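A short write-up of the structure that comes next.
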Amino acid sequence: MNALVILLSIGVLIGCGVVGTPVPPEYVGVAPTVEKQKKQHALQAEREAVDAGIPDLTLEGHDIGLPPSQPVGSR
């Protein structure tokens, strides 16, 4: 009988613990969810623009080799 009580007590104590690691408050709530959804919508819009054939009007990563602005030769 004592063994049964001890086993039940251990089972109850094990079952009353925290299941996982603590989660920081920055990742819980509405604000992080909204930020994640904004990023997903931006990526989806970008993919749709690429699929529709709309050219990317940003100049990021587009280096154009321009000639020097000062004259090379003299008169």
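None of the values given here were measured: they were computed from a predicted structure.
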(message) I need the single residue from L4, V5, I10 that forms a side-chain contact (heavy atoms from CB on, under 4.5 Å) with L8. Which is it?
(response) L4
(message) Which residue is it: K36, E35, Q37? I am looking for the one with a side-chain contact (heavy atoms from CB on, under 4.5 Å) to T33.
(response) Q37
(request) Please name all residues satisfying side chain to side chain contact (heavy atoms under 4.5 Å, CB included) with L7, sequence neighbours left out, ordered by chain then number. (result) none
